[in-house]
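I have placed the structure first, in the form of structure tokens, so that the comments after it can refer back to it.
Residue numbers count from 1 along this sequence.
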Amino acid sequence: METNSYNPFSLAGKTILVTGASSGIGRTTAINCSRMGARVVVTARDQSRLQETIDEMAPVEGGHCQCLADLTCQEDVKRLLGELPPLDGAVLCAGNSVTLPLQFGTREKYDSMFEVNFFSPVELMRLMYKKKILNKGASVVLMASIGGTHSYMPGNGVYGASKAALNSVMKYAAREYAARKVRVNSVCPGMVDTPLIHRGVITDEQLAEDAKKYPLGRYGRPEDIANGVIYLLSDASSWLTGHDLVIDGGFSI
């Protein structure tokens, strides 16, 4: 093999599912996976935004696939599972966040957050494994967070609890799914500059001030996280499972 053709991070020949692919980290991950040679199956709830993702993806042999689905809806999940090809990787990005003091963290708030951030990805992962949609040697990447695992900021408790639970299940799944050589890891980002943080809850001035707390002087960009995900999907990480990869610009230190 010629030296200049060696690339253990390549995703050529792999078929990858990306949920939450209509915006933010999910969109960038889907686009960058396609640029690394993967055939990508994208899913989200918004057809027009999902199409925008498809339009930016690099063409591959066989073409990419899209499937509209609300992962909190059992019928949508059932339909998605029926449409999925055999997968070499899955990136479960779909999620939500909330900034809420614990004194206002009602059971309803927790249920809503856990439904999206925990139960939906865990159920999808469970069924993909049970139905053998995940090929032998496949890699699953869960989108967790430093919130609840490495950093405990006021107002982040409800969100952080859902991500901490997700990160915990990741480790159990890694142990159990290793029987079929399926790897399971998570990525734990710090604050990433996506549309999710620009919803009016926190002002742009407050965000700019908060970014100064990061040793590298800025919030993450979606591509920072996508690159870590690609590593976990690729053969370069073939001896890595049960690991939570922190990508946070040094915030947790």
Side-chain angles (χ1 to χ4, degrees), residues 1-21 25-43 57-58 60-62 64-65 81 84-94 121-122 124-146 149-150 163 166-189 220 222-248 252:
M1 179 182 293
E2 295 181 6
T3 303
N4 61 7
S5 67
Y6 176 67
N7 182 5
F9 301 94
S10 171
L11 300 181
K14 296 182 184 292
T15 301
I16 307 292
L17 168 70
V18 180
T19 72
I25 294 171
R27 170 178 284 181
T28 300
T29 297
I31 292 168
N32 286 5
C33 282
S34 74
R35 292 173 178 170
M36 294 298 291
R39 181 181 182 226
V40 186
V41 182
V42 292
T43 183
M57 291 165 64
V60 296
E61 184 176 351
H64 304 294
C65 304
L81 290 167
L84 287 176
L87 297 173
D88 303 297
V91 187
L92 306 185
C93 274
V122 169
L124 181 57
M125 178 175 66
R126 179 185 77 85
L127 291 172
M128 288 191 298
Y129 183 80
K130 182 178 181 180
K131 294 177 180 294
K132 297 186 178 180
I133 294 171
L134 296 169
N135 291 330
K136 183 178 179 180
S139 172
V140 178
V141 182
L142 300 173
M143 194 57 60
S145 171
I146 63 169
T149 57
H150 299 80
K163 293 297 189 176
L166 184 66
N167 212 49
S168 179
V169 165
M170 174 273 292
K171 294 179 182 294
Y172 286 102
R175 287 295 301 270
E176 295 188 23
Y177 293 2
R180 291 189 201 158
K181 309 303 180 186
V182 173
R183 300 185 294 114
V184 186
N185 296 285
S186 67
V187 172
C188 296
E223 56 266 30
D224 294 322
I225 312 307
N227 289 339
V229 171
I230 287 169
Y231 165 64
L232 294 174
L233 292 172
S234 74
D235 293 342
S237 63
S238 62
W239 205 48
L240 187 65
T241 195
H243 180 68
D244 50 329
L245 178 62
V246 174
I247 308 177
D248 69 349
S252 57

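- A heavy-atom distance below 4.5 Å is found between the side chains of Thr15 and Val41.
- Atoms CG and CG, from Asp224 and Asp248 in turn, are 11.0 Å apart once rounded to the nearest 0.5 Å.
- Looking at Leu17, Leu11, Val18 one by one, the single match for side chain to side chain contact (heavy atoms under 4.5 Å, CB included) with Val40 turns out to be Val18.
- Of all heavy-atom pairs between Ser145 and Thr149, the closest is O-OG1, 2.6 Å.
- Using a cut-off of 4.0 Å between Lys/Arg side-chain N and Asp/Glu carboxylate O, Asp244 and Lys163 are scored as not salt-bridged.
- Across every non-hydrogen atom of Leu134 and Ala90, the tightest pair is CD2-CB, 4.5 Å.
- With rounding to the nearest 0.5 Å, the separation of OG in Ser10 from CG in Leu233 is 11.5 Å.
- Between Pro189 and Met143, the closest side-chain pair of non-hydrogen atoms falls below 4.5 Å.
- With contacts defined as side-chain heavy-atom distances shorter than 4.5 Å, the pair Asp88/Ser139 does not qualify.
- Taking CG of Leu245 as the start and SG of Cys188 as the end, the distance is 8.0 Å to the nearest 0.5 Å.
- Within a 6.0 Å radius of CZ in Arg180, more than 12 heavy atoms belonging to other residues, nucleotides or ligands are found.
- Contact record, Ala21 with Ala30: CB-CB, 4.4 Å, taken as the closest heavy-atom pair.
- In this structure, Thr19 contributes its side chain and Ala94 its backbone to a donor-acceptor pair below 3.5 Å.
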Residue pair Lys14, Asp235: steps toward the side-chain contact (heavy atoms from CB on, under 4.5 Å) verdict:
CA-CA 10 Å; Lys14 296 182 184 292; Asp235 293 342; 3.1 Å; yes

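- Contact check for Tyr129 versus Glu176: no side-chain heavy atoms found under the 4.5 Å cut-off.
- Pro222 and Thr28 get closest at one heavy-atom pair: CB-OG1, 3.3 Å.
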Evaluate Asn32 against Glu223 for side-chain contact (heavy atoms from CB on, under 4.5 Å), listing each step before the verdict.
CA-CA 8 Å; Asn32 286 5; Glu223 56 266 30; 4.2 Å; yes

Evaluate Thr29 against Ile225 for side-chain contact (heavy atoms from CB on, under 4.5 Å), listing each step before the verdict.
CA-CA 8 Å; Thr29 297; Ile225 312 307; 5.8 Å; no

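- With contacts defined as side-chain heavy-atom distances shorter than 4.5 Å, the pair Pro85/Arg39 qualifies.
- Val140 is not listed as a side-chain neighbour of Tyr177, based on a closest heavy-atom distance of 4.5 Å or more.
- For Lys171 (side chain) and Gly242 (main-chain N/O), a donor-acceptor pair under 3.5 Å exists by modelled atom type.
- Taking both residues in full, the closest heavy atoms of Arg183 and Ser237 are given as NH1-O, 2.7 Å, listed atom of the first, atom of the second, then distance.
- Nearest approach of Met128 to Leu84, heavy atoms of both residues: SD-CD1, 4.0 Å.
- In this structure, CG on Asn185 lies 10.0 Å from CG on Asn167, to the nearest 0.5 angstrom.
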Test side-chain contact (heavy atoms from CB on, under 4.5 Å) on Lys131 and Leu81 and set out the steps.
CA-CA 9 Å; Lys131 294 177 180 294; Leu81 290 167; 4.1 Å; yes

